[in-house]
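Below, chains carry the letters A, B, ... as their sequence lines are ordered, and counting in each starts from 1.
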Amino acid sequence: MAKEAANNLVETSDYIGHHLVNLTFGWCEKTSSWGFAHHQQDISKSLDSACNVSDMGFWAFHMDTIFMSVFLGVLVFGFFGLINSSAKVGTPSKLQNFVEFVHEFIGSAVSSGYHGTSKIVAPLAFASCLWILSWNLMDLLPVEMANFFGQAGSGINYFKVLPTADLNAPLALAAVVMVLVTYFSINTHGLGGFLKELFVVPLGPLEFISFVSKHVALALRLYGNLFAGEMIFILIAIMFGQFFMSFSQTLWFLPGLIMNLAWALFHILIVALQAYIFMMLTIAYLNLASSKH
Amino acid sequence: MNINATFFAELIAFCIFVFITYRYIWPSMASVLEERRKEIDEGLQAASESKRQLEEAKEESGRVIDAAKSEASTLINQAGSRADQLIDEAKDQATEEAKKIKETAESDIAQSTNKAKETLKEELSVLVVAGASKILNKEIDESANKEIVDQLIKEL
């Protein structure tokens, strides 16, 4: 009984660990070559020469994150571009109506939050909001789906469909925002004014820390919410999966199902809200940077 | 929590998508919406303009009708007075005519009366002369007694 519980525990942690690994392609120090990384679990079974994720330094790419984000980007922006290319001034079609609704929604958010004159803010808000939303929606796919199809078809063992749960992606967005905020600030206050604001007024170097942490927090807020949401899906899935492992835990099936549904419904809110919050904060930061105070 | 080169890939991808949005997606939809907004604005303006014009036309037509009415009433009044005038004139004329006719008739009557008187006097003088000559049996020298006869006739 105790052994079984321990086994279960190992399986559970393996299961969670499995779901937190990206499909990584990178430069392996050990073998001095480019290649896909293996996970700790597989290493024991495979050759010593195989490269672990931890053997890879900075020069590694999460192929699943990149593929999913670019794929979703092409899908979303392709859709909007396609509808735009056939947009009419007269009575709009239903799809055009939808596109116009999104446009007006984001446009009104920008015009109410940003009082500068830059033409980049609205497209930036639009792109970040929709891209993040499309990422976040991937969280609603069943957690096991990607691995299931991956293992069945291509032999890819790890595939995280949710780019938001990879800190690199939100951090890249926040970095773009930070660069723009810096540019806007320098544009408005001049380089001297910006540096003064960053290091002198009113709390000294603390301002610089606040400036950086503001943008890191922008990324971490998004990442944390979606990562936690994904984690809860995984935990519910474990509960759900126990049904297949042992009969004594069959009773977990029903609560698992209900909790999965409940969390998915609640998560829809988080999915949309986090994309919205990221957009609104981007607008607010840019507005702050471009206003004289 | 492993930060690696994925960051740069995402950075580049985001920049590209922002650029696409900035260059193609956002302005085209904005221009479509702006154009439609303008069209609706123009439509509303045209509607209010035509409403105003309708109001004006109504006012104008009211004014025209009023003018026509007053003109008609003046015309009627004029016609009435003109008719009265004509009637008066006709009356006057008729009266005058009648007077003239009467005068003519009177003068005619007087003339013919005088004529008749003259004739009668002449005839009477002839008769008197004839009667007197019969009585006297003698021819009265008309020229000798003409003075007496004329005197006589005058006294008649």
Novice: Is the CD atom of Gln85(B) crowded by more than 12 outside heavy atoms at less than 6.0 Å?
Specialist: yes
Novice: To the nearest 0.5 Å, what is the distance between CZ (Phe17(B)) and CG (Leu72(A))?
Specialist: 9.0 Å
Novice: Is chain A contacted by the side chain of Glu35(B), its backbone, both, or neither, given a heavy-atom distance below 4.5 Å?
Specialist: both
Novice: Under 4.5 Å heavy-atom distance to chain B, tell me which part of Ser128(A) shows up: side chain, backbone, both or neither.
Specialist: both
Novice: Let's test your reading of the structure: which of Thr65(A), Asp166(A), Val76(A) forms the most heavy-atom pairs below 4.5 Å with chain B?
Specialist: Thr65(A)
Novice: Would you name the heavy atoms of Ile25(B) and Phe80(A) that are closest together and state the gap between them?
Specialist: CG2-CB, 4.0 Å
Novice: With respect to chain B, which residue among Ala122(A), Gly107(A), Ala175(A), Pro163(A) yields the maximal number of heavy-atom pairs within a distance under 4.5 Å?
Specialist: Ala122(A)
Novice: To the nearest 0.5 Å, what is the distance between CD1 (Ile3(B)) and CG (Leu167(A))?
Specialist: 4.0 Å
Novice: Can you tell me if Phe71(A) has over 12 outside heavy atoms packed within less than 6.0 Å of its CZ?
Specialist: no
Novice: Examine the side chains of Glu10(B) and Ser69(A) and answer whether a donor and an acceptor come within less than 3.5 Å of each other.
Specialist: yes
Novice: Carefully, step by step, assess Phe61(A) and Asn4(B) under the rule side-chain contact (heavy atoms from CB on, under 4.5 Å).
Specialist: CA-CA 7 Å; Phe61(A) 295 95; Asn4(B) 54 29; 6.0 Å; no
Novice: Using non-hydrogen atoms and a 4.5 Å limit, figure out which bit of Leu33(B) sits close to chain A: side chain, backbone, both or neither.
Specialist: side chain
Novice: So which atom in Ala30(B) and which in His103(A) form the shortest heavy-atom distance, rounded to 0.1 Å?
Specialist: N-CE1, 3.6 Å
Novice: Would you call the rings of Trp26(B) and Phe126(A) parallel, tilted or perpendicular, taking 30° and 60° as the class edges?
Specialist: perpendicular
Novice: Testing the basics here: between Ala172(A) and Leu11(B), what is the closest heavy-atom pair and its distance to 0.1 Å?
Specialist: O-CD1, 3.3 Å
Novice: More than 12 heavy atoms of other residues, nucleotides or ligands under 6.0 Å from CD of Glu71(B): yes or no?
Specialist: no
Novice: CD1/Ile83(A) to OG/Ser28(B) distance, rounded to the nearest 0.5 angstrom?
Specialist: 11.0 Å
Novice: Out of the candidates Phe77(A), Trp131(A), Trp135(A), only one should pair with Phe14(B) under the ring-ring contact (aromatic ring centres under 6.0 Å, His included) rule; please name it.
Specialist: Trp131(A)
Novice: For side-chain contact (heavy atoms from CB on, under 4.5 Å), just list the numbers for Thr6(B) and Met63(A), CA-CA rounded to whole Å, side-chain angles, deciding distance to a tenth of an Å, and then say yes or no.
Specialist: CA-CA 8 Å; Thr6(B) 313; Met63(A) 298 311 281; over 6 Å; no
Novice: Quick check on Asn22(A) against chain B: is it the side chain, the backbone, both or neither that has a heavy atom closer than 4.5 Å?
Specialist: neither
Novice: Kindly assign one of parallel, tilted or perpendicular to the pair Trp59(A) and Phe8(B), based on the angle between their ring planes and the thresholds 30° and 60°.
Specialist: parallel
Novice: As an exercise, state the distance from OH of Tyr24(B) to CG of Asn84(A), rounded to the nearest 0.5 Å.
Specialist: 13.0 Å
Novice: Does Tyr183(A) have more than 12 heavy atoms from other residues, nucleotides or ligands lying within 6.0 Å of its OH?
Specialist: no
Novice: Tell me if the CD atom of Glu106(B) is crowded by more than 12 foreign heavy atoms within 6.0 Å.
Specialist: yes
Novice: I'd like to know which of Gly26(A), Gly81(A), Gly73(A) tops the heavy-atom pair count under 4.5 Å against chain B.
Specialist: Gly73(A)
Novice: Consider side-chain contact (heavy atoms from CB on, under 4.5 Å). Of Arg37(B), Glu39(B), Lys38(B), Glu34(B), which one does Val89(A) pass it with?
Specialist: Glu39(B)
Novice: Quick check on Lys88(A) against chain B: is it the side chain, the backbone, both or neither that has a heavy atom closer than 4.5 Å?
Specialist: backbone
Novice: Can you give me the closest heavy-atom contact between Val18(B) and Ala127(A), atom names plus distance?
Specialist: CG2-CB, 3.9 Å
Novice: For atom CD of Glu56(B), decide whether the heavy atoms of other residues, nucleotides or ligands shown that lie under 6.0 angstrom number more than 12.
Specialist: yes
